[in-house]
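A short worksheet on the structure shown next.
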Amino acid sequence: MLIHTIQDVRYCVKQWKKEGLTVGLVPTMGALHNGHLSLIKKAVEKCDKVVVSVFVNPIQFCPGEDLDKYPRTLDEDTKLCDKAGVNIVFAPSPTEMYGENQMRTNDFLTYVIPPFFYVNKLCGKSRVGHFDGVCTVVNKLFNIVQPDYAFFGEKDAQQLIIIQKMVKDLNIPVQIIPCPIIREDSGLALSSRNKYLSEDNKIEALVLNKILSNIKNCYKKGITDVEALKETAYQFLTDKHDLEYLEFLDQENLEETNTANDTTRVFIACKVGGVRLIDNTLLGE
Ligand code: PAF
């Protein structure tokens with residue numbers, strides 16, 4: 001069932017809760033791919049009822065980013081959700097979520113601001129304010145749907161860690177279920193932004209996974225010095241790749257480390273053909 005208003009989604013969830021049913025939420029920005037479908041599958045398995053939100057959240061895009069051209073495929077998304085056993089696709093308009101004149105300004109909107117320590121690194125460094133927008137909309141979705149479980153992909157690991165922190169710090173009564181990265185057979189991590197890649201760029205984009213896999217192999221062979229592990233990346237990079245970051249951080253609290261261990265997550269962001277791609281891997285896995 002496709003629902004556009006907060007009132008209608010609240011009404012349905014209230015009925016379910018009266019019957020004692022568990023509710024799962026999969027927040028998305030649409031353009032659903034197999035990565036999203038793996039989250040949805042997990043939610044359908046675990047919960048009695050599942051809501052998938054489809055909302056291209058304007059306040060998490062920075063000026064100059066791809067808000068206007070971000071793929072919007074609600075008809076296809078709804079069909080995929082129906083087939084996957086989703087009960088409600090919640091697709092509000094920006095006005096439904098934020099009201100008139102509140103869409104892109106924090107002068108008139110209450111924001112949820114995650115801690116600086118968690119956002120002054122990785123994607124937060126170049127996407128200033130991005131995680132304020134993410135936490136604000138995710139918090140609103142939690143308040144609207146009041147799910148027992150919410151499903152987030154490890155592909156956006158910094159986002160996942162920040163949301164886990166928000167839930168803990170604000171005592172939000174929801175259990176966050178992390179879901180593993182889904183890759184194409186080539187190793188490319190699935191992302192809605194892969195739609196922007198040409199066939200040639202798709203091949204060049206494999207560099208992210210190559211760098212991460214090679215680092216993991218070196219770690220498994222006993223190399224733990226982060227500088228030495230970083231050095232191994234450069235052999236894969238050409239002028240077709242614009243590396244933004246390659247960072248080794250603790251996967252719980254995003255603390256930097258000089259010596260890698262099993263709880264170190266390696267994060268990479270690289271532009272290929274002008275498209276910004278991210279990927280990561282946990283060394284202990
Ligand atoms: O990961 C995403 O698609 C978005 O950041 C999210 C969590 C749906 C919030 O808009």
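Keep in mind the model is a prediction, meaning the values are calculated, not measured. Remember, it's 1-based here, ligands and their atoms both numbered in the order they're listed. Heads up: numbering here begins at 1 and tracks the sequence.
Listed by atom number, the atoms of ligand 1 under 4.0 Å from Val137 heavy atoms are 9 (C), 10 (O). Heavy-atom contacts of Pro27 reach the following atoms of ligand 1: 8 (C) (cutoff under 4.0 Å).
Looking at atom 2 (C) of ligand 1, its nearest protein heavy atom turns out to be Gln159 NE2, 3.8 Å.
Taking only nitrogen or oxygen atoms, main chain and side chain alike, Gln60 reaches within less than 3.5 Å of ligand 1.
Side-chain contact of Tyr196 with Asp66: a donor-acceptor pair under 3.5 Å is present, judged by distance alone. Side-chain atoms of His4 and Glu96 form no donor-acceptor pair, as typed in the model, at a separation below 3.5 Å.
Of the candidates Lys155, His36, Met29, Lys140, the one placing a heavy atom closest to atom 3 (O) of ligand 1 is Met29.
With a 4.0 Å heavy-atom cut-off, ligand 1 is reached by the backbone of Thr28 but not by any atom from C-beta on.
Inter-residue side-chain proximity for Lys125 and His130 is flagged as unmet; no heavy-atom pair is nearer than 4.5 Å. At a threshold of 4.5 Å between non-hydrogen side-chain atoms, the residues Leu2 and Leu74 count as touching.
Of the candidates Pro178, Cys179, Pro27, Pro27 is the only one forming a side chain to side chain contact (heavy atoms under 4.5 Å, CB included) with Phe152.
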